[in-house]
Structure formats: structure tokens, C-alpha cells
Amino acid sequence: MTGFAILMAFLFAGHVIREWWGVPLPANVIGMILFIAALALRLVKLETVEKAADFLLRHMMLFFAPVVVGVVAFFPLIGREAAAFFGGLVVSAVAVMLVTGWTTRALAGKSAAVSGGYPAKAAEEAKSAADDDRSGTSV
Amino acid sequence: MLPDWGSHPVFGMALTVIAYVASLRLQRRFPWLHPLFVTSGGLILMLVALRIPYEAYAAGGKVLEFFLGPATVALGVPLYRQFRRLRRNLAAILAGVTAGSATGLASAGLSAWLFGASQELIRSMMPKSVTTPIALELARDLGGVPELAAVLTVLTGLFGSMFGPALLRRCGVRDDLPLGIAIGTAAHGIGTARLIRESEPQGAASSLAMALAGIVTSVLAVFVRNGM
């Protein structure tokens, strides 16, 4: 519960900063940036927030299912603009993947060429890191 | 019509949570079923079939939706975990994510416009590569429709997750790092979830990229909004 309170406090801070200082980023993104800074500066310990964070991330789908349900009101619009809806979706998804992949590959250099830059020990670490996130990111 | 309890928030909340848990169980038996589609699709069918007004459902739906806020903040945790491990390639990762995020905003807006989309759809389409709770807020800020952005985002994630890795390999992106970064930037958590099952290094890169792309795209969207 402490972890949850900490996340809420950062979200709240994000809202305050957006409203009062007019920072034009979404409040939840401001909250996340502050939260990352706090983790990096060790103001917040990873262990304190891990449980709450993993729970929220694991069930993120539950939280935006109601938003997706709200799309019923826009079925007529999607029907009218089906070509743009699906065409734009596919074109842009392909463009983002290729541009990101090629740019990263070009700059990652040699260390990344050896099975993606993961010597045995790093691979081990990455494995445990990914295990931590295994249930974490289904959105 | 519904009785009075029908417009109490507990109605929509209970309905959603039950549908969600049921969809998770269904997925265990039929792994190709995506729980989000089963949950939302089931709820939509139920509302239509029983003629439940959307407002009655939304009273509870909004309560659950609220938790997207702290969940987005929580994305800092995977970012922080992976950052410590992928620090060596930070420059390449940042460049890739930034190029990809800019491409995402531009290509989504441009291709929708070329297909003759309305302003409403164009503005909802632009942030669709980032993770859903951020895409919702960005669509709102850009003057789009959050509900449309949510559906577009989820569909983009599914598309990238199903076809992305094969496409990238065919186009010469075979190493774990660039492949994971590309999928995380384009297909956010849905793509990440697939990579984590197949390869740990790819999944780690992907979850870092997805949180980074959310931040970078939010910053880029400020310029787009000022220019629009």
C-alpha cells in the first residue's frame, strides 16, 4: 500500500505541475518523469514501489477496457472512414518499426552485433529483468 | 430500463471486473484470444443486447479508468530496471526511440490525411504508437477522441506484436537490441508482452523503449500542437 501511495503522490504532483505551471505534458507523464528521477536519485527505493507497480501494470488492460467500450459511440465514424482507420494504422505501424529498428541498429555498433549486445553475464541479468516484467506489461 | 442500482458505479465496475477475470480464464484455454478484446467485446455485446444505456455503465467504468493514472506512473519501474542494464547503448536507444516517435506522429497523421480522414480521426490517430494511457491523454490534448485513440492504440499493438518481429527480421533488423527497441516503440506493451515470452533480452529492450517512447512522444506532441 505504501507503494500505491507513492505512485498516487507522483500522479498528484503531475496534476499540480500541469495546472499551475502550465507544463504542456499529460499529468501522468509528468508524474512518471518525476518518479523516474526519484528512483534514480534513490529518494524512492525500487523495493517499496515494485509490488504496487507490477500489480497496476499487470492489470492495465482492466483499466482501459471501459475506454475501449466507449468506442461504440464512434462506430459510425469508423464505418465511414474505414480505409483511413485501417490504412493509416498499418502504414504508420510499419514505418515506426522500420525507422526505429534501422536507426538503433546503425548506432548500436559492434557490441550490439554479438547476439544483440548481450554477453553471457548481461544476458543473465536481462533474463532476470525480463522475468520481473514478465507479467508486467500487457498493454 | 434499469432499476436504480443500474446507475450506481458498482454496477459498471462489477461488470468490467467479472468480464476481465472471465476473459483471463478463457485465454488460458484459448491462448490466441486477446483478453482485452474478449472483455471489451463482451461488455459491448451485453450493453447492446440488454439495452443498458452507456452512461449507466460508464459511471463504474470511469472509476476503473482512473487507475490508468497511477499505472502510467508505474511504468517508471520497468524503465528504471531496464535502464540500468541497457545503459551502454543509451545513445543508440534514445536516437532510435526519438526517430521512431517522430515517425509515428508524422506517418499516422500524414497517412490518415492521404486516406481522406476527418480531423477528428487524424488527431486521434497520431499518438497511437505509445502505451494506451498516454495515447488517451495525448489524443485529448491534440483535439482528438480518446476512445478512438484507445482502439487504434490497441489494434496497433496487436498488429505490431503479430507481424512486427517477422517484418523486422526480413528488413535486416535481427539483433535483439534494435528489434526490441523497434517493437517497444511501435507496439508498446502488447508487443512487449510477446517478446518477453520469446526472448528475455528483446523483452527488456522493448519495455524500456515503450516507456521512453511515451515520454518522447509527449514532448514531440507539444510541438505538433503548437504547429497545428
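Numbered from 1 within each chain, the chains take letters A, B, ... in sequence-line order.
- Between A/Pro24 and B/Asp141, the closest side-chain pair of non-hydrogen atoms is not below 4.5 Å.
- For B/Thr192 against B/Ser206, the heavy-atom pair with the smallest separation is OG1-OG, 2.8 Å.
- Across B/Met125, B/Glu137, B/Arg140, the residue that shares the most heavy-atom pairs under 4.5 angstrom with chain A is B/Met125.
- Highest contact tally toward chain B, considering only A/Thr103, A/Leu39, A/Ile36, is held by A/Leu39 [criterion: heavy-atom pairs under 4.5 Å].
- Annotation: maximal heavy-atom pairing with chain A below 4.5 Å, among B/Ala95, B/Pro146, B/Ser118, B/Ala58, occurs at B/Ser118.
- Between B/Lys62 and B/Glu55 there is no salt bridge, since none of the side-chain N atoms of the basic residue sits less than 4.0 Å from a carboxylate O of the acidic one.
- The shortest heavy-atom contact between A/Ala108 and B/Asn89 is O-OD1, 3.5 Å.
- Of the atoms belonging to B/Arg84, it is side-chain heavy atoms, and not backbone ones, that fall under 4.5 Å from chain A.
- Ranking B/Gly41, B/Gly157, B/Gly100 against chain A, the residue ahead of the rest is B/Gly100, based on heavy-atom pairs under 4.5 Å.
- Shortest non-hydrogen contact noted between B/Thr156 and A/Ala93 is CG2-CB, 4.1 Å.
- With hydrogens and angles ignored, the 3.5 Å screen pairs a side-chain donor or acceptor of B/Arg85 with a backbone N or O of B/Arg81.
- In this structure, the portion of B/Ser129 lying under 4.5 Å from any heavy atom of chain A is its side chain and not its backbone.
- For B/Val97, the part lying near chain A is the backbone, with the side chain staying farther off; criterion is any non-hydrogen pair under 4.5 Å.
- No other option in A/Ala40, A/Ala27, A/Ala73, A/Gly70 has as many heavy-atom pairs under 4.5 Å with chain B as A/Gly70.
- Both the backbone and the side chain of A/Leu62 come within less than 4.5 Å of a heavy atom of chain B.
- B/Leu114 does not touch chain A: none of its heavy atoms, backbone or side chain, sits under 4.5 Å away.
- When heavy atoms are compared at a cutoff of 4.5 Å, B/Leu195 does not approach chain A at all.
- Between B/Ile134 and the options B/Thr72, B/Ile215, B/Thr217, B/Thr153, a side chain to side chain contact (heavy atoms under 4.5 Å, CB included) holds for only B/Thr72.
- Test B/Thr131, B/Leu158, B/Leu155, B/Thr132 against B/Ile190 for side chain to side chain contact (heavy atoms under 4.5 Å, CB included) and you get one pass: B/Leu158.
- A donor-acceptor pair under 3.5 Å is absent between the side-chain atoms of A/Arg105 and the main chain of B/Leu179, judged by distance alone.
- When B/Ile122, B/Val154, B/Val145 are compared by the number of non-hydrogen pairs under 4.5 Å with chain A, B/Val145 comes out ahead.
- Contact tally against chain B (heavy-atom pairs below 4.5 Å) for A/Val68, A/Val29, A/Leu89: the top residue is A/Leu89.
- Salt-bridge annotation for B/Arg169 and B/Asp176: absent, with no side-chain N of the basic residue lying under 4.0 Å from a carboxylate O of the acidic one.
- Contact count against chain B (heavy-atom pairs under 4.5 Å) is highest for A/Val69 among A/Val99, A/Leu11, A/Leu34, A/Val69.
- For residues 14-23 of chain A, the interface with chain B (any heavy-atom pair closer than 4.5 Å) comprises A/Arg18, sorted by residue number.
- In this structure, A/Leu25 and A/Ile33 have side chains that are in contact, with non-hydrogen atoms separated by less than 4.5 Å.
- Chain A forms more heavy-atom pairs under 4.5 Å with one residue of B/Ala108, B/Gly180, B/Ala213, B/Ala112 than with any other, namely B/Ala108.
- Options B/Leu24, B/Val222, B/Leu138 differ in how many heavy-atom pairs under 4.5 Å they form with chain A, and the most are formed by B/Val222.
- Contact of the B/Leu86 side chain with the B/Leu90 side chain is not registered, since no non-hydrogen atoms from C-beta on lie closer than 4.5 Å.
- Residue B/Phe37 does not touch chain A at all, counting heavy-atom pairs closer than 4.5 Å.
- Between the side chains of B/Thr39 and B/Ser23, a donor-acceptor pair is found at a separation under 3.5 Å.
- Two residues are said to be in side-chain contact when any heavy atoms from C-beta on lie closer than 4.5 Å; A/Val94 and B/Phe163 fail this criterion.
- Annotation: B/Phe67 is not in aromatic contact with A/His59 [ring centroid separation under 6.0 Å not met].
- No other option in A/Phe85, A/Phe86, A/Phe10, A/Trp102 has as many heavy-atom pairs under 4.5 Å with chain B as A/Phe85.
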